[in-house]
Colleague: 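Here's a structure for you.
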Amino acid sequence: MPDFSLSPELESLRDMARKFARTEMVPHAAECDRSARFPEEIYRKAHALGLMNLNVPAEFGGTGLSLLEQCLIVEELAYACGGMTTSIIANCLALEPILLAASPEQKQRYLPSFCSEYHLASFCLTEPGGGSDAGALRTRARREGEEYVLDGEKCFITNAPHASLYTVFATLDPAARHRGIAAFVVPRSAKGLTPGKDEEKMGHRASSTSTVRFDGVRVPVADRLGAEGEGFALAMRTLDQTRTPIGALATGIAQAALDHAARYALKRETFGKPIAEHQAIQIKLANMAQAVHASRLLTWHAAWTIDRGQKGTLESSIAKCFASDAALHVADEAIQTFGGYGYMKEYPVEKLLRDAKLTQIYEGANEIQRTVIARELLRGYA
Ligand code: COS
């Protein structure tokens with residue numbers, strides 16, 4: 001029988017994340033959004049509490065949480081601030097290729113320092129000319145003896161200006177498309193590696209995003225992850241793991257929007273009664289509640305599937321795609337419930353719409369999620 005209850009351990013994990021989110025993140029969310037401030041002091045506290053590097057196993061000093069446990073935490077953090085959450089969980093994305101493909105010796109070399117001290121890592125896949133078509137990336141890797149030389153540029157890289165390590169995907173042979181790609185681990189100190197300036201973004205403004213340039217960056221062969229040609233599949237396997245938490249992140253934003261709208265609807269009066277008593281508003285709230293509930297269940301189901309050792313390509317894309325579309329819609333309806341006030345920056349709901357928007361785009365645009373879903377689905381009919 002499926003069991004939707006959370007064990008006392010899961011509840012206490014969720015409560016710990018909720019307490020951190022409400023006491024440490026909420027008070028600074030509006031200010032960081034307004035000024036696009038990267039609140040490193042909050043990220044350091046998250047690290048100290050074990051809320052970063054959630055996927056790193058205990059043998060390397062991490063918490064080694066299941067994906068379901070990670071999702072419970074991510075939803076709570078995102079309820080407080082989507083942008084801060086993106087920066088807090090970016091290490092999980094950047095370190096996942098190491099977890100999946102590094103040798104035991106490489107894991108020992110890269111992972112423990114992230115758990116013992118506060119460090120950020122960035123996942124470098126997307127390029128100015130190749131976002132959704134990840135197999136068409138152009139950053140070159142040329143082998144020279146016991147080193148590779150990397151040249152090219154990545155864009156939209158979360159935490160890049162603050163990172164000490166980068167997992168980088170580059171091609172040895174663009175003509176071979178995805179079969180020419182390899183993955184590398186590159187330290188910030190590598191000569192020729194230059195993060196760009198912070199991008200000015202619509203939402204997720206407490207998070208930092210920039211380009212990363214590679215100009216003749218020399219990477220020892222010992223820092224290649226897996227074999228030459230295996231990089232593309234590694235990127236895809238990484239995203240299979242990390243798209244589900246984006247479903248949780250979107251659910252957190254949507255739950256916040258619903259809560260704000262419901263509280264406001266009980267307080268605000270028109271035609272002599274609270275707007276919550278008008279059927280038009282009740283229908284909105286009911287639809288929003290359904291969307292939040294379905295997002296959470298799809299996310300939990302995807303996490304449960306992957307925690308059982310299955311690939312979860314289909315389930316994670318469904319969760320990410322559904323929850324992010326739902327979050328945008330729920331945030332929009334929350335603004336509509338607030339009316340003119342909802343459009344004002346003085347109220348919290350317009351930020352939720354701006355933050356929700358990115359969840360439809362990053363970790364694979366929802367058009368790509370639908371491509372993945374359709375391909376996985378049609379396999380069952382072939
Ligand atoms: N796990 C393991 N291997 C996978 C895989 C997965 N989930 N998905 C694809 N592969 C493998 C395929 O099996 C195929 O292997 P072979 O060469 O051995 O046949 C190879 O990868 C190429 O797969 P495919 O033909 O599906 O590649 P496409 O070029 O058609 O692209 C999409 C596939 C569109 C799904 C891919 O480019 C993609 O996910 N793009 C979005 C990238 C993204 O999410 N960017 C965000 C970055 S983080 S902000």
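This is a predicted model, so every value here is computed, not measured. Counting convention: from 1, in listed order, for ligands and their atoms alike.
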Colleague: Over 60° means perpendicular and under 30° means parallel, so classify the ring planes of Tyr43 and Phe38, tilted if in between.
Modeller: perpendicular
Colleague: Please determine if Arg22 forms a cation-pi arrangement with Tyr79, meaning its NZ or CZ atom is less than 6.0 Å from the six-membered ring centre and no more than 45° off the ring axis.
Modeller: yes
Colleague: Quick one: list whatever passes side-chain contact (heavy atoms from CB on, under 4.5 Å) with Ile335, sequence neighbours left out.
Modeller: Val349, Glu350, Leu353
Colleague: Among Arg109, Gln108, Lys107, which one satisfies side-chain hydrogen bond (donor to acceptor under 3.5 Å, both in side chains) with Glu105?
Modeller: Arg109
Colleague: The criterion is side-chain contact (heavy atoms from CB on, under 4.5 Å); which residues satisfy it with Ala254, sequence neighbours excluded?
Modeller: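 Once residues adjacent in sequence are excluded, the partners of Ala254 under the side-chain contact (heavy atoms from CB on, under 4.5 Å) criterion are Val292, Ala327, Val330.
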Colleague: If the condition is side chain to side chain donor-acceptor pair (under 3.5 Å), which residues does Thr86 pass it with, not counting sequence neighbours?
Modeller: His204, Tyr362
Colleague: Compile the protein residues with any heavy atom at a distance under 4.0 Å from an atom of ligand 1; present them by chain, then by number.
Modeller: Phe123, Leu125, Thr126, Gly131, Ser132, Ala134, Arg177, His178, Arg179, Phe232, Ala233, Met236, Arg237, Leu239, Asp240, Arg243, Lys311, Thr313, Glu363, Gly364, Ile368, Val372, Arg375
